[in-house]
Amino acid sequence: MSQATNQSWGGRFSEPTDAFVARFTASVTFDQRLARQDIQGSIAHATMLARVDVLTDDERDAIINGLNEIQGEIERGEFNWSVPLEDVHMNIEARLTDKIGITGKKLHTGRSRNDQVATDIRLFMRDEIDVIEVELKRLREGMIELADREADTIMPGFTHLQTAQPVTFGHHILAWQEMLSRDHERLLDCRKRVNVMPLGAAALAGTTYPIDRHVTAELLGFDRPAENSLDAVSDRDFAIEFTSFASILLMHLSRMSEELVLWTSAQFNFIDLPDRFCTGSSIMPQKKNPDVPELVRGKTGRVYGHLMALLTLMKSQPLAYNKDNQEDKEPLFDAVDTVRDCLKAFADMVPAIEPKKTSMYEAARRGFSTATDLADYLVRKGVAFRDAHEIVGHSVAYGLKTEKDLSEMSLDELKQFSDIIEQDVFEVLTLEGSVAARNHIGGTAPNQVRAAAQRARDALSALKAGAA
Ligand code: ARG
């Protein structure tokens, strides 16, 4: 074997790899992040090979001990990653052979880097999904508790960002929570398709050794071996599914972020974020900037980009494995890190949101937010809705001119627009009356918000962590 070529596949080569090409094609600078899963997969593979008598028990033990030592070297930062050895798989295998000699070279029996790398990424994604799920649950719990605490807190609800009708702050937060409940379902659904084992597909067609893929799948905690070897080595749907989950989640977090940014502004003045989630300005001493939500909003772009990158990576690829697939890792790694950090930031921050109740209440009083309630009142007294709409329109015009909210007008003033209006109108013109009247499942009434929070709590605790 030529010393100058890669020792794992150099046998048929007559000249060494061009130095630039070696660097260009190597992935070890980033795929070393899969080392733990690579070792985990190799230990299961060796265990299975011994079970079917392809390896002796002694060979298996030497391999497993060697791999465990290598794991320690990597964790202690003592491992020497080599770019000429291309990737994480060949780096670890070469080190194993250094340590235990010829037996190390037997590990790759009945396996290829194609099924190996697909297995490693799936193990990695499964681990990361479980970490992400913990943060997502923590965030949902924080929202549910905040919503329950603020079930009576009144704020203006908006359409077109114009004051529409009063809602409760708890109801608004539970709307966020609903978005996340769908994200949670998508994550668990994605996990089901992550947790299928490619190992045993070998390069593309399977292997001539009497492997038992059920044993390996069980050792690695996979639900089942992948059904088709060609599909097993080439499928990256799970990566696309994860990044589409991540894109929708970040889209949701960006919407929440936008509202937090607006609400902390002097113009809205709806909430305070504790100082620990904000930073100041180096030039304007008065500033307290909502950096955390702004940054989460900004990070949405890179996650959408990763989804596009992976979709495009897979487009038109013929079966089975192609080197293109090496490009799946960096987008996935970054998507995983971004999602985990954004969820952590939100899970820490949301329970610390301090609503400025008086300010929200005053904002809801401005902007004629009970105009629909007045129209509904007239309808209950026999006025057709279209006529009621017009009557209220006139009273709003009058309010704009006189700078009075509907609830601030006297009965006589209101009677100018319809003599059907009586003293009892003031019950519906109050903000409390307005929200309490929307008293049905999914409505903003405080008792409905508390009931919805309880249902959300129950639904969340019914989900088992990591269970698909
Ligand atoms: N580094 C490669 C990847 O990330 C591993 C598989 C390489 N397989 C091959 N036949 N070159 O996909």
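Note that ligands are numbered from 1 as they come in the structure, with each ligand's atoms numbered from 1 the same way.
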Just to confirm my output: which protein heavy-atom neighbour is closest to [atom], and how far is it?
{"atom": "atom 4 (O) of ligand 1", "value": "K329 NZ, 2.6 Å"}
{"atom": "atom 2 (C) of ligand 1", "value": "Q326 OE1, 3.3 Å"}
{"atom": "atom 11 (N) of ligand 1", "value": "R113 NH2, 3.6 Å"}

Return the CG to CG distance between L343 and L250, rounded to the nearest 0.5 Å.
8.0 Å
Quick one: are the ring centres of W176 and H171 less than 6.0 Å apart?
no
Using distance alone, determine whether [X] and ligand 1 share an N or O pair under 3.5 Å.
{"X": "Y321", "value": "yes"}
{"X": "N114", "value": "yes"}
{"X": "H89", "value": "no"}

Note: [X]-[Y] ion pair, threshold 4.0 Å (strictly below):
{"X": "R95", "Y": "D98", "value": "yes"}
{"X": "K344", "Y": "D348", "value": "yes"}
{"X": "D272", "Y": "K288", "value": "yes"}

Classify the side-chain pair D120/Q116 by whether it contains a donor and acceptor separated by less than 3.5 Å.
no
Ligand 1 atoms nearer than 4.0 angstrom to some heavy atom of S27 are 1 (N)
Just which atoms of ligand 1 are under 4.0 Å from any heavy atom in D87?
1 (N), 2 (C), 5 (C)
